[in-house]
Amino acid sequence: MGDGDNGRAVRGWLRGIEVFDGPRPEFALERAPADPLHLFLSWLSDAVADGLRDPHAMTLSTVDEAGDPDARVLILKGVDGSGWQFAGHCFSPKGHQLAVHPRAALTFYWPEHGRQVRLRGAVTPGSAQDNAADFLGRSATARAESLLARQSQYLADPGERDQALAKSLALIEQAPSLVDSAWTLYTLAPAEVEFWQAAESRVHTRLRYERAGDRWERFPLWS
């Protein structure tokens, strides 16, 4: 079978996978709150209440120095009036990218509910106090790995990594209050927040919030 036949077979297989089947939560646009934060917390609460796995997982999208896109899945650290928070090492790829282009996008997806939330906006690093508090809230292993400052570098020998991690863990045990000054709690302050509710008919419901000064404007979108 040639590559073309394989490609057609894969396309047919993908097209046959069922999506958006079964009941979905209601999304009444006329009842959407004025602030997207409240709607987001409502959808997140629904996901938690229904036992969806990793409901606070999200995709962080950035661009590098050449303008090429990059993405990875992180855990939401917090959300309030200032924005949505996530954390990382400032010397990691995402840290370097945000230092050059301090803007990003976040995407949440809860497939069981057929819901998606997309945000775009400016990203700012946290204060030393906030960064330290987030770092110390991590597990000992996570803190020890961060102190190595080797994220995303080539790994030639797993044994070398294990030895370095063991030494770093020993350091954490000796000084449990030790903080990695490069660990950063970032906040994305959205200029746009879009809520997307799937429908089995494929006529999906979409609502975009756009920042207008100190208030939000709401715009229903074609599906």
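We're numbering straight along the sequence, starting at 1.
- At a threshold of 4.0 Å, the pair R215-D35 does not count as salt-bridged, since none of the basic side-chain nitrogens sits closer than that to a carboxylate oxygen.
- Across all their heavy atoms, L44 and L76 have their closest contact at CD2-CD2, 4.4 Å.
- The local environment of CZ in R218 is crowded, with over 12 non-hydrogen atoms from other residues, nucleotides or ligands closer than 6.0 Å.
- Between W43 and F27, the ring center distance clears the sub-6.0 Å criterion.
- You'll find the ring centres of F20 and H204 inside the 6.0 Å limit.
- Listed by chain and number, the hydrophobic cluster partners of V10 are W13, L14, I17, where partners are ILVMFWY side chains within reach of under 4.5 Å, directly or through others.
- By the 4.5 Å heavy-atom criterion applied to side chains, R103 and V123 are not counted as neighbours.
- Between the side chains of T62 and R72, a donor-acceptor pair is found at a separation under 3.5 Å.
- Both L37 and W110 are members of a single hydrophobic cluster when ILVMFWY side chains are connected at heavy-atom separations under 4.5 Å.
- F40 and F195 have their aromatic ring centers separated by at least 6.0 angstrom.
- Taking a 6.0 Å sphere around CZ of R115, one finds it holds more than 12 heavy atoms contributed by other residues, nucleotides or ligands.
- H113 and D46 share no donor-acceptor pair across their side chains, judged by distance under 3.5 Å alone.
- With respect to the salt-bridge test (charged N to carboxylate O, under 4.0 angstrom), the residues K77 and D134 qualify.
- Remark: E145 CD is loosely packed, at most 12 non-hydrogen atoms of other residues, nucleotides or ligands lying under 6.0 Å away.
- Between M58 and V73, the closest side-chain pair of non-hydrogen atoms is not below 4.5 Å.
- W183 belongs to a hydrophobic cluster with F135, L136, L147, L171, I172, L178, V179, counting contacts under 4.5 Å between side-chain heavy atoms of Ile, Leu, Val, Met, Phe, Trp and Tyr, direct or through other members.
- Contact record, A104 with L188: O-CD1, 3.3 Å, taken as the closest heavy-atom pair.
- The number of heavy-atom neighbours closer than 6.0 Å to CD of E65, taken from other residues, nucleotides and ligands shown, is above 12.
- Side-chain contact between Y209 and E192 is absent, with no heavy atoms from C-beta onward closer than 4.5 Å.
- In this structure, the side chains of F86 and L60 come closer than 4.5 Å at one or more pairs of heavy atoms.
- Side-chain atoms of Q197 and T205 include no donor-acceptor pair closer than 3.5 Å.
- There is no path of hydrophobic side-chain contacts, each under 4.5 Å, that joins L98 to L185.
- Every salt bridge (Lys or Arg N to Asp or Glu O under 4.0 Å) that R208 has, sequence neighbours left out, goes to E194, E210.
- With 3.5 Å as the limit, one finds a donor-acceptor pair spanning the side chains of S146 and D180.
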